[in-house]
Amino acid sequence: MTGVPIAETLAARAKPAIAKAGGEGVVHAIFRSPGGWPSRHPVLVGGEGLNEKTRDTIAKAVAAVPGVGGIRWSDGTGFAESGEPPVDPLHCQNDVRALLKARTIRFEESSATIQPASINLVNEVAQALRPCLGSVILITGHTDSSGTEDINQALSRARAESIRSALIARGIPEESLRAEGVGSADPVEGLDPADPANRRIDFSVLQTAQIRPTPVDTPGPH
């Protein structure tokens, strides 16, 4: 499942967890991003009159639902301090590049549709990007020099947007992802611009934010 079905399933699973933790009828988990996209990262709404212990129990109960990502309360940050060392977001950029060094996300011919054989690789990229939460990641689409540059530009942008949508559907917050297409303007060093190996997707960290709190593991009362 992707997108809306995942969000609906997680919302259904979160409801009894909230009730058991003491928030029945008071707290609701909204599995949508600020832009309205379905998301695995819920916002907990309500419960302002509950004590801190109950709010903390509710947040941790929702976090324990399989498939749920980072959590925040509508009236706070949703992050709790953890004893884990800060995460270096650049590390996940290197992890993604390592994944794509030997393999390539492939698309249908002259299309932005991801080939079924590349879906597992997209899943792995999403997993590798999770430590980057809080940073802004740029997804860049590239083509070779075959075809006109106008077409190459449009196709490379459409493929970058396709990957962005796929990652959002896998729980990466939309506000953390940017997409651009550069056509054939930036071939791989040492390759002829017409070489099909120039057809690729790159990821880079535009803005870093070290994450000491870990909302997936230690959600808090606010």
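All heavy atoms count here, side chains included; hydrogens, waters and symmetry mates do not. If you're wondering where the values come from, they're calculated on a predicted model, not measured in any experiment. Counting begins at 1 with the first residue of the sequence.
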Donor-acceptor under 3.5 Å ([X] side chain, [Y] main chain):
| X | Y | answer |
| --- | --- | --- |
| Glu180 | Ile139 | no |
| Arg40 | Ala7 | no |
| Ser39 | Arg32 | no |
| Ser156 | His142 | no |
| Asn51 | Thr54 | yes |
| Arg55 | Lys53 | no |

Heavy-atom check, side chain of [X] versus side chain of [Y], under 4.5 Å:
| X | Y | answer |
| --- | --- | --- |
| Pro42 | Val62 | yes |
| Ile201 | Phe107 | yes |
| Val68 | Phe31 | yes |
| Val27 | Trp73 | yes |
| Ile172 | Arg130 | yes |
| Leu138 | Leu177 | no |
| Pro187 | Asn198 | yes |

Go through the steps for Arg200 and Asp202 under the test side chain to side chain contact (heavy atoms under 4.5 Å, CB included), then give the verdict. CA-CA 7 Å; Arg200 68 195 191 279; Asp202 285 338; 3.5 Å; yes
Among residues two or more places apart or on two chains, list those pairs meeting salt bridge (charged side-chain N to carboxylate O under 4.0 Å, His left out) that have a residue in residues 156-167.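 The answer is Arg157-Glu161.
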Just grab all the salt bridge (charged side-chain N to carboxylate O under 4.0 Å, His left out) pairs involving residues 99-111, residues at least two apart or on different chains.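 Residue pairs passing salt bridge (charged side-chain N to carboxylate O under 4.0 Å, His left out), neighbours aside: Arg103-Glu124.
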In this structure, NE2 of His41 is separated from CD1 of Ile168 (nearest 0.5 Å) by 10.5 Å
When clusters are formed by joining ILVMFWY residues with side-chain heavy atoms under 4.5 Å apart, either directly or through shared neighbours, do [X] and [Y] land in the same one?
| X | Y | answer |
| --- | --- | --- |
| Val96 | Ile119 | yes |
| Val26 | Ile71 | yes |
| Val205 | Leu99 | yes |

Can you name the residues that form a side chain to side chain contact (heavy atoms under 4.5 Å, CB included) with Val122, not counting sequence neighbours?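 Val122 satisfies side chain to side chain contact (heavy atoms under 4.5 Å, CB included) with Ile105, Ile114, Ile163, Ala166, Leu167, Arg170 only.
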Under 4.5 Å between side-chain heavy atoms, chaining through other members, with only Ile, Leu, Val, Met, Phe, Trp and Tyr counted: pull out the rest of the cluster around Leu191, sorted by chain and number. Val188
What are the two closest heavy atoms between [X] and [Y], and how far apart are they?
| X | Y | answer |
| --- | --- | --- |
| Ser74 | Val45 | OG-CA, 3.8 Å |
| Leu44 | Ala29 | CD2-CB, 3.8 Å |
| Ala61 | Ala21 | CB-CB, 3.9 Å |

Please test Leu121 against Leu100 for side chain to side chain contact (heavy atoms under 4.5 Å, CB included), starting from the C-alpha separation and ending with a verdict. CA-CA 8 Å; Leu121 180 53; Leu100 299 178; 3.9 Å; yes
Tell me, which pairs form a side-chain hydrogen bond (donor to acceptor under 3.5 Å, both in side chains) where one or both residues lie in residues 184-194, sequence neighbours left out?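 Listed once each, the pairs are Glu149-Ser184.
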Report the C-alpha separation of Arg199 and Ser146 in whole Å, then their side-chain angles, then the decisive distance to 0.1 Å, and conclude whether the side chain to side chain contact (heavy atoms under 4.5 Å, CB included) test is met. CA-CA 10 Å; Arg199 304 170 187 169; Ser146 61; 4.2 Å; yes
Within 6.0 Å of CD in Gln115, more than 12 heavy atoms from elsewhere: yes
Residues passing the salt bridge (Lys or Arg N to Asp or Glu O under 4.0 Å) test with Arg97, sequence neighbours excluded, are none
Criterion side chain to side chain donor-acceptor pair (under 3.5 Å) on Asp150 and Thr148, from CA distance to verdict: CA-CA 5 Å; Asp150 285 348; Thr148 68; 5.6 Å; no
